[in-house]
2 protein chains.
Amino acid sequence: MTEKHYRYLQQYFHDLILKKKMPYETKLPSERELAEQFKVSRVTARQALQHLEAEGLIYRSNRRGWFVTPPAVIYDPANNVSFNLYVTEQGYTPHTEKLMQQIESANHKIALLMNIPLGAPVLFLHRRRYINQRPVLIEKLYVNVDLLPGIEHEDLTQSLGQILRTKYQSPYRDMDLSFKATALPDNEAKDLSTSTGQAGLQIERVNFSDDKSVLSVDYEFWRHDAVTIEISIRN
Amino acid sequence: MTEKHYRYLQQYFHDLILKKKMPYETKLPSERELAEQFKVSRVTARQALQHLEAEGLIYRSNRRGWFVTPPAVIYDPANNVSFNLYVTEQGYTPHTEKLMQQIESANHKIALLMNIPLGAPVLFLHRRRYINQRPVLIEKLYVNVDLLPGIEHEDLTQSLGQILRTKYQSPYRDMDLSFKATALPDNEAKDLSTSTGQAGLQIERVNFSDDKSVLSVDYEFWRHDAVTIEISIRN
DNA sequence: CAGTGGTCTAGACCACCAG
DNA sequence: TGGTGGTCTAGACCACTGC
């Protein structure tokens with residue numbers, strides 16, 4: 001027996017979804033139903049579902065069930081377009097939720113990056129961002145308040161780049177980017193109402209001003225199936 | 001009972017590995033041994049191992065066992081440094097294996113990208129690249145032979161960028177990059193001797209010459225735990 | 001050949017979500 | 001409260017690796 005049982009179930013939904021027979025956000029039958037229909041144990045059905053999840057074709061939401069994944073949004077971190085704008089331009093509906101905002105003391109890493117004293121005040125911003133009501137991104141931002149006085153009184157569900165450009169005449173220019181495919185940490189997985197250990201894409205971004213001082217440091221955790229990064233390098 | 005059994009095992013090795021008590025490439029005990037030692041079923045032990053794998057702390061090699069993951073290499077696709085060079089510079093040993101090389105007819109997608117007729121000859125190159133004897137990257141390359149006559153007679157285990165620079169005075173300059181965290185396709189998973197559905201990082205790169213013609217199109221599939229992408233954007 | 005991970009079963013209870 | 005996914009057990013056989 002070289003046929004793997006879970007492959008049937010996987011292939012079945014793989015084909016259905018790619019042929020667009022199942023619209024985005026469609027709920028799949030329950031694991032118990034699938035197990036019965038495909039005459040496999042529930043464990044085997046789950047294995048198939050987990051493979052489909054890894055392929056990015058379906059996702060789970062907490063204990064509510066499995067759903068067909070909508071298309072990934074295309075994101076160019078080097079291009080200073082706000083989340084709200086590029087999501088809208090691609091035909092989706094963005095939404096940003098501020099989970100926390102507070103002035104913190106810079107820890108070692110942040111102090112070093114921003115070239116400020118250890119313990120100096122920085123603005124910490126914790127946001128959750130949605131595409132079509134689906135939470136796709138957790139963002140943790142550290143902002144240099146010395147360079148941007150009063151920033152904490154702005155509407156921080158907006159794009160920071162936007163605020164800097166319009167209110168501070170201090171747009172992002174240069175940046176250092178880092179990407180890593182890794183499991184979402186437990187907290188971020190929970191905030192994205194997915195399961196612990198779920199695959200994700202981690203982005204770190206250090207934003208510099210014209211005079212090369214660090215305006216902000218940005219940590220982003222994306223659902224792996226929600227985003228494709230595209231960057232053009234032009235010399 | 002709020003304690004999850006698999007968490008004990010996961011935490012145990014998580015701590016051991018982060019405290020560097022287990023050197024890279026150390027083999028873990030077998031799943032059956034772990035199940036017995038931690039008094040859980042083998043299924044539960046496997047779940048813990050899969051979580052550690054998602055974290056990038058351990059990896060599996062075919063049916064040989066589970067091993068501690070070595071550190072990820074840092075890769076800047078925008079910087080024209082060859083694989084051999086940047087791997088070496090970071091203290092590891094690179095190796096490249098040519099799996100296949102042949103002249104093919106351009107399919108629709110490649111013809112469109114390269115702006116050549118459908119069916120025109122292109123050089124297809126299929127390579128596997130290793131870091132410290134561990135296969136980490138599968139590369140599929142399409143090269144514009146019209147612009148680079150004789151390229152098929154070069155030593156194609158070398159960096160293509162290197163060859164272009166030294167032999168053709170036609171270095172890569174501009175490029176379009178795309179990244180996506182996704183499961184490795186079955187063939188690539190097999191070539192990397194990991195399991196199907198394993199998390200990976202997919203990179204697509206279109207390389208342009210000085211006059212904006214397309215020199216090559218590059219598809220890369222990395223083990224997710226083997227690489228961190230770093231790019232600097234300077235305006 | 002022995003040992004490994006890969007697949008699979010037929011149950012069970014728990015934690016959480018929605019109505 | 002009923003249904004969902006999340007966790008878990010104690011087995012079993014298969015496919016492949018390495019000796």
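Numbers restart at 1 for each chain; the letters A, B, ... are given by sequence-line order, proteins then strands.
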Rounded to the nearest angstrom, tell me the gap between atom [atom1] in [X] and atom [atom2] in [N].
X       : N      : atom1 : atom2 : result
B/Tyr8  : D/dT7  : OH    : P     : 15 Å
B/Gln47 : D/dT9  : CD    : C1'   : 13 Å
B/Lys27 : C/dG5  : NZ    : C1'   : 9 Å
B/Glu31 : D/dC8  : CD    : P     : 16 Å
B/Lys4  : D/dC8  : NZ    : C1'   : 13 Å
B/Tyr6  : C/dC14 : OH    : C1'   : 13 Å
B/Arg7  : C/dA15 : CZ    : P     : 15 Å
B/His5  : D/dC8  : NE2   : P     : 6 Å

Option passing side chain to side chain donor-acceptor pair (under 3.5 Å) with A/Glu188 (candidates A/Arg128, A/Gln198, A/Lys140, A/Arg223):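 Of A/Arg128, A/Gln198, A/Lys140, A/Arg223, side chain to side chain donor-acceptor pair (under 3.5 Å) with A/Glu188 is met by A/Lys140 alone.
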I want to check one thing: is the phosphate of D/dG5, taken as OP1 and OP2, less than 4.0 Å away from some side-chain N or O of A/Ser195? no
Is the phosphate of D/dA10, meaning OP1 or OP2, less than 4.0 Å from a side-chain N or O of B/Ser41?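 Answer is no, no contact under 4.0 Å.
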Checking side chain to side chain contact (heavy atoms under 4.5 Å, CB included) between A/Leu49 and each of A/Leu34, A/Leu57, A/Thr44, which is the one that passes? A/Leu34
With respect to B/Leu201, which candidate in B/Ile229, B/Asp225, B/Thr182, B/Thr228 satisfies the side chain to side chain contact (heavy atoms under 4.5 Å, CB included) definition?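 With B/Leu201 as partner, side chain to side chain contact (heavy atoms under 4.5 Å, CB included) holds for just one option, B/Ile229.
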Contact list for DNA chain C against residues 32-39 of chain A - heavy-atom distance below 4.0 Å: A/Arg32, A/Lys39
Where does the angle between the aromatic ring planes of B/Phe83 and B/Tyr86 fall among parallel (under 30°), tilted (30 to 60°) and perpendicular (over 60°)? perpendicular
In terms of relative ring orientation, are B/Tyr142 and B/Tyr219 parallel, tilted or perpendicular, with 30° and 60° separating the classes? perpendicular
Quick check: do A/Tyr75 and A/Ile203 have side-chain heavy atoms less than 4.5 Å from each other? yes
Which atoms of nucleotides 17-19 of chain D (N or O only) lie under 3.5 Å from a protein N or O atom, and what are those distances?
residue	atom	partner	partner atom	Å
D/dT17	OP1	B/Asn62	ND2	3.2

Test item: A/Ser61 side-chain N/O and A/Arg64 main-chain N/O as donor-acceptor pair under 3.5 Å: no
N/O donor-acceptor pair under 3.5 Å between B/Asn132 side chain and B/Thr93 backbone: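 Yes, because the side chain of B/Asn132 sits within donor-acceptor range (under 3.5 Å) of the backbone of B/Thr93.
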For A/Arg46, which contact category applies under a 4.0 Å heavy-atom criterion: base, sugar-phosphate, or nothing? base
B/His51 or B/Arg42: which one's nearest nucleotide on DNA chain D is closer to the 5' end? B/His51
Regarding A/Arg134 and the six-membered ring of A/Tyr59, is the cationic atom NZ or CZ under 6.0 Å from the ring centre and inside 45° of its axis?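 Yes, A/Arg134 and A/Tyr59 form such a contact.
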